[in-house]
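Down below is the structure, laid out as structure tokens.
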Amino acid sequence: MKRILNIAEKPSAARELSYALAARKNVKIREIGRRLRVYEFELDWDHEKVLMIFSSVAGHIKALDFHENYRNWNSCDQLALLDPTKTPIKEFVPEDKKFLEQALKNEAKNCCKLFLWLDCDSEGEKIAYEVLEICQQVNLSMRAPENVKRARFSAITPRDARNALQNLTQLHYPTISMVSTRQEIDLRAGAAFTRFLTKFVQDTFKIPLHGDKKVILSYGPCQFPTLGLVVDRLLTIRAFQPRLFYYLELKVRCKRSGAEELVLSWDRKHLFDRYCCALLYEICYSYLSQNHFESVVSDIKKTAKSRRRPLPLDTVELQRLASRVFRFSSDATMKAAERLYSEGYISYPRTETNTFPSTIDLFKLISLQQDDPRWGGFVQKMKEHWNDCSPRKGSKDDKAHPPIHPTKPAPKQGFPNKECEAIYELVTRRFLACCSTDAKGYETIVIVKVGFESFRIHGLSIEDAGYLEVYPYDHWSERTLPAELEIGMALDVISLMMKEGTDATMAEHIRKIQDREYVVKQGNCFYPMALGLALVEAFEACEAFLARPTCRSEQERDLRQISEGNRDASDVLYAALAAFSCNLQKLSTATNVLRQVFSVHFDCS
DNA sequence: GCAAGGTC
């Protein structure tokens, strides 16, 4: 029988994909050492019975570093690190992955074909290539493209796995080349700037750091734009000056129904000039006192309002939502989502797509949820009005994965941890909401005049809650106004007040952000922040644009052109390295500027 | 002693 080697990105994916393709009782497990399992099962494939050998790697199996001669920090000029002709780099299997490499080779020897089931993102494409290179060393038949296939799937479910197996594709080499280029840029830029900055600071200043940690000022093309963003924010906060403002507030009551007090806000919103506001207050007050403290409804506007159902869920939106609703960090969110994905509960959680492909069977996916006590009833109603189902189409499509959606019902006993529970519920509610209808209602605006000044109050009545019924994360608060209100009606005035306020809430938020996240306090000092600030300031002062928030995204845009086949990899590599060289030279010729900026924050050694 | 991105 033909033996086919199948490799997934992690052990749990190998296990779940095996069970998705074959019945559990037909899968044999073989242990290799203590750390790796191989799943074996027979399958009909391409009109014959084959033996599937399913195992995995654990992320990247190869690492990238400079050639030994250039790993020493004093081995070469830092600028040379940005020049591929001067400092060669190489890819190799690190010590802790040698075990996997050997296992891969042993299995590859006995197989005639290789199916690559790595995650379907760009890193997965590159890892697939790393696996292929290793297998080819011991098995010549795997150098023939017809014996090497890429399985593409968006969820670890029987349906997706079988579909992938029936539609095997080839490796996408432009994407592999894009990732290799990114790796090289990151390594070269990281090493060059980290060495430069660390040496400069060590030689010049005494920087207090907690513990025995050595001072390393690392630069990374991802770290710095992030730091830049944080520093930008801090600087805006520091520059913020709260201002006092003044406004009028009118409280009235209907003559008949009486009890309810209506608080109306001023159409001028607020004024920063206290005297001006006081003057208008006096005018209104004398008008009221001449009119028996009565005011008149001058207009009532009624408009239909709707709240749109949400867009299909992509990764960024999932992170945002989980942060808002549960205060989960994006890290915690993705960890839970990855786990749900690898156990087959949700589709692949790394997607930029927010529009459903036309091929997706929404009815089937929704039906999976009909027995859940939390939203089963809602699902029943959706199925009765199935013709109304038309999810909105977002503008993003990564052409690889659909929006995140549930792929199997929640387990009866619940999930093993609260993060998984929470994320599954979020994903499912969001999915149902997308496939549901907009919420519809009426807004009523009642305008009341006091002399020439107008005041208003808003009312809202929800006529059809639509998606809101299953999606508690959006709020649309209903507010009923007395039914008897009509144009021309006189109201009793309870009070007219002049009030003051301040827009300092932002400053308070910022203090919190400082206290909680942006500053690490060691003893009485805020070292990391000072260091971060100094770095960003220094870069800006030297006109080395390394900490601009857009740096990374611009680079990623260029890299993407490689995978789209629109630009040569070496072209992008050299352009990026040239830009980094230029910035490094700016810094190294302006050490006096660096020294000056740093000296504000640190003592000289 | 350096990066970022996979996974454990």
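Convention: sequence-line order gives letters A, B, ...; per-chain numbering from 1.
Residue contacts shown for A:L187 include a base, since a base heavy atom lies under 4.0 Å away. Nucleic acid contact for A:G59: base, since at least one base atom lies under 4.0 Å from a heavy atom of the residue. Contact annotation for A:R350: no contact, since no heavy-atom pair falls under 4.0 Å across all strands. A:Y219 comes within 4.0 angstrom of the backbone, heavy atoms only, and of no base. Using a 4.0 Å heavy-atom criterion, one finds that A:K62 contacts no nucleic acid atom at all.
Between A:Q223 and B:dA4 there is a side-chain polar atom (N or O) within less than 4.0 angstrom of OP1 or OP2. A sub-4.0 Å separation between OP1 or OP2 of B:dA3 and a side-chain N or O of A:S218 is present. In this structure, A:R34 does not reach the B:dC8 phosphate: none of its side-chain N or O atoms is under 4.0 Å from OP1 or OP2.
Of the candidate nucleotides B:dA4, B:dG6, B:dC8, B:dC8 has the atom nearest to the side chain of A:P11. The side chain of A:D186 approaches B:dA3 more closely than any other nucleotide in the set B:dA3, B:dG5, B:dG6. In this structure, of B:dC2, B:dG5, B:dT7, it is B:dC2 that holds the atom nearest to the side chain of A:R195. For A:E338, whose side chain is taken as the heavy atoms from C-beta onward, the closest listed nucleotide among B:dA3, B:dT7, B:dG5 is B:dT7.
Following rounding to the nearest Å, A:L100 (CG) and B:dC8 (P) show an atom-to-atom distance of 10 Å. Following rounding to the nearest Å, A:F196 (CZ) and B:dG1 (C1') show an atom-to-atom distance of 17 Å. Rounded to an integer number of Å, the gap from A:E184 CD to B:dC2 P is 20 Å. Per the geometry, CD belonging to A:E130 stands 9 Å off C1' belonging to B:dG6, to the nearest Å. Taking atom CD of residue A:E91 and atom P of nucleotide B:dG5, one finds them 16 Å apart after rounding to whole Å. Summarising the geometry, the separation between CE on A:M178 and P on B:dG6 is reported as 10 Å, rounded to the nearest angstrom. One can place CG of A:D331 at 15 Å from P of B:dC8, the figure rounded to the nearest angstrom. The interatomic distance linking A:F580 (CZ) with B:dC2 (P) rounds to 18 Å, in whole Å.
Of the residues in residues 63-82 of chain A, those placing a heavy atom less than 4.0 Å from an atom of DNA chain B are A:L64, A:D65, A:W73, in numerical order.
A salt bridge links A:K62 to A:E133: at least one charged side-chain nitrogen sits closer than 4.0 Å to a carboxylate oxygen.
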Could you give the side-chain donor-acceptor pairs of residues 331-338 of chain A under 3.5 Å, partners two or more places apart or in another chain?
residue	atom	partner	partner atom	Å
A:T333	OG1	A:S329	O	3.1
A:E338	OE2	A:R350	NE	2.9
A:E338	OE2	A:R350	NH2	2.9

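Sorted by first then second residue, the ring-ring contact (aromatic ring centres under 6.0 Å, His included) pairs that include residues 65-87 of chain A, not counting sequence neighbours, number zero. For the ring-ring contact (aromatic ring centres under 6.0 Å, His included) condition, the pairs that include at least one residue of residues 173-195 of chain A, sequence neighbours left out, are A:Y129-A:Y173, A:F193-A:Y219, A:F193-A:F580.
With sequence neighbours left out, A:Y19 forms a ring pair (Phe, Tyr, Trp, His ring centres under 6.0 Å) with no residue at all. For A:K10, the salt bridge (Lys or Arg N to Asp or Glu O under 4.0 Å) criterion is met by A:D119, not counting sequence neighbours.
Between A:L340 and A:C420, the closest heavy-atom pair is CD1-O, 3.7 Å.
Interatomic distance, CD1 of A:I562 versus OG1 of A:T181, reported as 3.5 Å (0.5 Å rounding).
Mapped onto DNA chain B by nearest heavy atom, A:Q183 and A:A58 fall at different nucleotides, with A:Q183 at the one closer to the 5' end.
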